[in-house]
Number of protein chains: 2
Amino acid sequence: MTEPPKRRGRATGRSTLADVARLAEVSVNTASRALRGTRAVDAELVARVQAAAKQLRYVPDPAARALASARSSHVAVLIPLLTNALFVELLDAVQRKLTPAGYQTLIGVTHYRPEEEEELLLSYLAHRPAGLLVTGVDRSDAARRMIADSGVPCVHLMETVRQPGVYSVGLSQQAAAHALTTHLLQRGCRRIAYIAGQLDPRVMQRRQGYEQALREAGCYDSRLEVLDPSPTSMALGGRLFEELLRRQPDVDAMFFCNDDLAQGGLLAALRLQVPVPQRVAIVGFNDLSGSELMLPPLTTIRTPRWQIGTQAASMLLDLMHGQPVAQPALDLGFELVVRGSA
Amino acid sequence: MTEPPKRRGRATGRSTLADVARLAEVSVNTASRALRGTRAVDAELVARVQAAAKQLRYVPDPAARALASARSSHVAVLIPLLTNALFVELLDAVQRKLTPAGYQTLIGVTHYRPEEEEELLLSYLAHRPAGLLVTGVDRSDAARRMIADSGVPCVHLMETVRQPGVYSVGLSQQAAAHALTTHLLQRGCRRIAYIAGQLDPRVMQRRQGYEQALREAGCYDSRLEVLDPSPTSMALGGRLFEELLRRQPDVDAMFFCNDDLAQGGLLAALRLQVPVPQRVAIVGFNDLSGSELMLPPLTTIRTPRWQIGTQAASMLLDLMHGQPVAQPALDLGFELVVRGSA
DNA sequence: CTGAAAGCGCTTACAG
DNA sequence: CTGAAAGCGCTTACAG
């Protein structure tokens with residue numbers, strides 16, 4: 001007189017691992033192991049399980065997997081902005097590496113605000129992500145602690161730090177800015193301005209490199225520094241160009257902290273008929289799309305963001321799979337691209 | 001002689017709903033209901049539960065919730081490309097609406113390939129997303145079926161369709177192109193070219209609007225259509241500009257299907273010293289960043305993509321919460337922005 | 001309005 | 001190498 005078990009579930013009509021196991025005539029956990037390949041299973045059983053899975057169009061339920069294993073197939077990626085092509089390219093590279101490896105990317109936009117970063121971290125860490133990718137190395141202590149306490153493998157993007165247990169892939173922003181400034185000096189410029197927006201940590205590291213190179217040449221002048229906290233854009237670049245030319249008419253070169261600003265500066269020069277580079281040389285940073293098409297084409301620093309994204313994803317993959325990482329602080333360098341504007 | 005239950009779990013050290021319930025001295029499911037506010041719970045109990053949750057820094061486990069409810073807090077968003085500012089802005093608007101509402105965004109990039117879209121759909125649907133946002137209305141039958149069968153609420157972006165059970169927020173690409181072409185005709189242009197890259201469905205709808213307007217004016221000439229399947233870019237715009245000027249020297253206006261192409265065209269004109277709009281008028285589409293700064297500034301169609309993203313997210317929120325949607329096919333229109341180039 | 005129990009679909013020790 | 005059982009942390013009928 002056994003009652004048939006009452007069906008109270010909210011079955012979804014999708015086939016489950018139990019269905020696969022039944023069809024393949026093995027236990028669920030043999031099916032689980034066969035499909036994941038984590039432990040040795042008899043070859044014939046593996047074949048039977050795989051055939052059954054295929055026949056039933058079995059797709060594992062990520063939520064169940066995450067709950068049982070305390071680890072999801074998500075990788076959370078935190079970037080400052082979506083409106084800056086640099087970060088989007090980084091994201092694109094990361095996605096192309098992680099998606100085929102079976103991970104889903106959760107993208108969080110911090111808008112350069114520490115509190116937003118903390119909130120996002122709290123929310124994403126609740127998902128028990130398999131890995132974490134964050135931009136830069138400067139963040140609030142709270143955020144730093146959350147990352148460390150979570151135990152989730154984490155790789156830092158765009159900058160490098162040599163610190164035990166910290167993984168990073170990037171370049172030296174300061175060295176790149178130093179090289180670019182040196183190029184201007186070699187061209188004979190002496191009144192070289194640094195024009196920056198946004199003022200995030202990397203922009204300030206570039207300023208350091210700029211200052212250092214100028215001090216070495218004995219021609220640093222803080223009046224030639226324009227540090228504007230507004231978000232960067234071509235429009236801002238144009239405005240700052242005009243303004244500086246008015247205020248410091250003896251300026252002979254402008255180092256814009258990012259290519260979008262520099263492109264705006266170049267267009268403003270064209271509009272105002274200021275000859276570049278004769279009257280004033282112009283350089284940018286990052287080598288964003290369009291810079292090579294400007295009139296004249298923009299001299300800039302090419303940052304290897306595609307490689308940074310790809311390599312950081314690879315490093316994270318190693319970390320998530322418990323494999324050793326040869327170079328925890330990977331410096332991918334930069335390239336000085338000399339074109340017509342300086 | 002009851003044995004203490006053996007602890008076999010993989011406890012994570014985080015507090016669970018059971019911990020909260022214990023501290024608040026209620027049952028777990030009262031705690032669950034109090035926290036979610038789904039059903040009436042005594043006010044005092046609610047307060048006690050909330051206090052306990054706060055004290056324990058309780059964060060619900062999304063995986064457990066998803067497994068139990070057969071619905072996650074994910075919203076999957078499928079866009080063609082990450083390298084087109086248009087889609088990134090759409091994404092940004094969507095994120096800003098969805099994140100505060102407690103949803104996480106899963107972003108899938110299809111690269112305009114139907115197979116990639118199907119794969120992404122398969123993988124994302126396995127996560128039982130709470131909602132789905134897809135770009136455009138053209139897709140493979142298989143993809144269409146997957147969406148329908150999943151039962152997941154879905155909103156289509158950028159175009160509108162009046163079809164029962166289908167939700168969309170966008171604009172009429174064809175009407176916008178028609179208006180822009182009419183503007184060129186009114187300016188006196190007669191040899192108007194349509195220059196396109198990528199050739200996705202929306203680009204072809206614009207072509208329709210262009211052809212229609214020219215046929216009405218009796219001056220359609222298919223030799224003035226340049227349809228290049230390569231991805232759009234400023235560089236491509238410059239190349240196509242030069243090429244067309246050489247092959248069809250009597251052209252008096254160029255309608256580029258996107259602002260990035262048009263910007264490239266404008267820069268090429270500047271470089272080749274072709275007067276715009278005197279020798280040839282130039283217009284673009286979408287009003288991307290930088291178009292207002294060109295020399296001359298670009299005449300274009302402003303598409304309300306920020307509003308499209310926001311409204312589509314709102315509509316999806318309604319759908320996910322089982323609320324009625326007043327306008328399932330929401331046309332947000334466009335704006336003709338007349339600047340110096342035409 | 002509240003609670004005890006069952007169940008979601010997996011993985012993980014444990015035993016053999 | 002394989003299986004039976006317990007458990008992950010929630011939500012959902014069901015009963016009161």
Side-chain angles (χ1 to χ4, degrees), chain A residues 3-22 24-49 53 56-73 102 126-128 130, chain B residues 3-22 24-49 53 56-73 102 126-128 130:
Chain A
E3 296 269 327
K6 257 191 289 182
R7 201 46 171 113
R8 313 165 98 236
R10 298 144 294 255
T12 49
R14 313 197 315 191
S15 48
T16 68
L17 191 57
D19 298 328
V20 173
R22 204 173 304 123
E25 298 183 296
V26 297
S27 71
V28 280
N29 77 42
T30 294
S32 169
R33 295 194 278 244
L35 255 19
R36 280 176 304 144
T38 47
R39 272 169 57 182
V41 176
D42 186 278
E44 199 209 308
L45 293 191
V46 172
R48 242 158 61 197
V49 170
L56 296 175
R57 288 208 208 106
Y58 169 69
V59 182
D61 183 323
R65 179 171 278 179
L67 183 58
S69 68
R71 189 118 296 188
S72 75
S73 58
H127 282 257
R128 308 166 189 270
Chain B
E3 297 268 326
K6 256 190 289 182
R7 203 44 173 115
R8 312 166 101 237
R10 297 147 293 255
T12 48
R14 312 201 311 194
S15 49
T16 68
L17 191 57
D19 298 328
V20 173
R22 204 173 304 121
E25 299 184 294
V26 297
S27 70
V28 280
N29 72 44
T30 294
S32 168
R33 294 194 279 242
L35 255 19
R36 281 177 302 144
T38 47
R39 271 168 59 181
V41 175
D42 186 279
E44 199 210 309
L45 294 191
V46 172
R48 241 157 64 197
V49 170
L56 296 175
R57 288 209 208 105
Y58 170 68
V59 182
D61 184 325
R65 178 172 278 180
L67 183 57
S69 67
R71 189 121 296 189
S72 74
S73 58
H127 282 257
R128 308 165 189 270

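Chain letters run A, B, ... following the sequence lines, proteins first and then strands; every chain starts at 1.
If B/A64 and B/L45 are placed on DNA chain C by their nearest nucleotide, the residue sitting closer to the 5' end is B/L45.
One interatomic measurement links the two molecules: CZ of B/R128 to P of D/dC10, which rounds to 18 Å at whole-angstrom precision. Separating the CG atom of B/L67 from the P atom of C/dG9 is a distance of 7 Å, rounded to the nearest angstrom. When the P atom of C/dC1 is taken as reference, atom CD of B/E25 falls 21 Å away, rounded to whole Å. Atom CZ of B/R65 and atom P of C/dC10 are 21 Å apart (whole Å). Regarding A/D61, its CG atom lies at a distance of 12 Å from the P atom of C/dC8, rounded to whole Å. C/dG9 atom C1' lies 20 Å from atom CZ of A/R71, rounded to whole Å. Distance, B/H127 NE2 to C/dC8 P: 20 Å, rounded to whole Å. If you take CG of B/L17 and P of C/dG7, they are 20 Å apart, rounded to a whole angstrom.
Across every non-hydrogen atom of A/L17 and A/Y58, the tightest pair is N-CE1, 3.4 Å. Closest approach of B/P60 and B/P62 over heavy atoms only: O-CD, 3.2 Å. Across all non-hydrogen atoms, the minimal contact from B/A53 to B/L35 is CB-CD1, 4.2 Å. Considering every non-hydrogen atom in both A/S72 and A/A130, the closest pair reads O-CB, 3.2 Å.
Out of C/dG7, C/dT11, D/dT12, the shortest distance to the side chain of B/R36 is found at D/dT12. Listed candidates were D/dG9, C/dC10, D/dT2. Nearest to the side chain of B/T16 is D/dG9.
Every stem involving DNA chain D, taken as at least 3 paired positions in a row under the Watson-Crick or G-U wobble test at 3.5 Å, is listed here: C:1-3 with D:14-16, C:5-12 with D:5-12, C:14-16 with D:1-3.
In this view, B/S32 and B/R36 satisfy the side-chain hydrogen bond (donor to acceptor under 3.5 Å, both in side chains) rule, not counting sequence neighbours.
Taken from CG in B/L67 to CZ in A/R65, the straight-line distance is 13.0 Å, to the nearest 0.5 Å. Note that CG of B/D19 and CZ of B/R57 are 14.0 Å apart. Values are rounded to the nearest 0.5 Å.
For D/dG3, the OP1/OP2 oxygens have a side-chain nitrogen or oxygen of A/T30 closer than 4.0 Å. Of the side-chain N and O atoms in A/S27, one or more sit less than 4.0 angstrom from OP1 or OP2 of D/dG3.
For A/R33 against D/dG3, a side-chain-to-base donor-acceptor contact under 3.5 Å is present.
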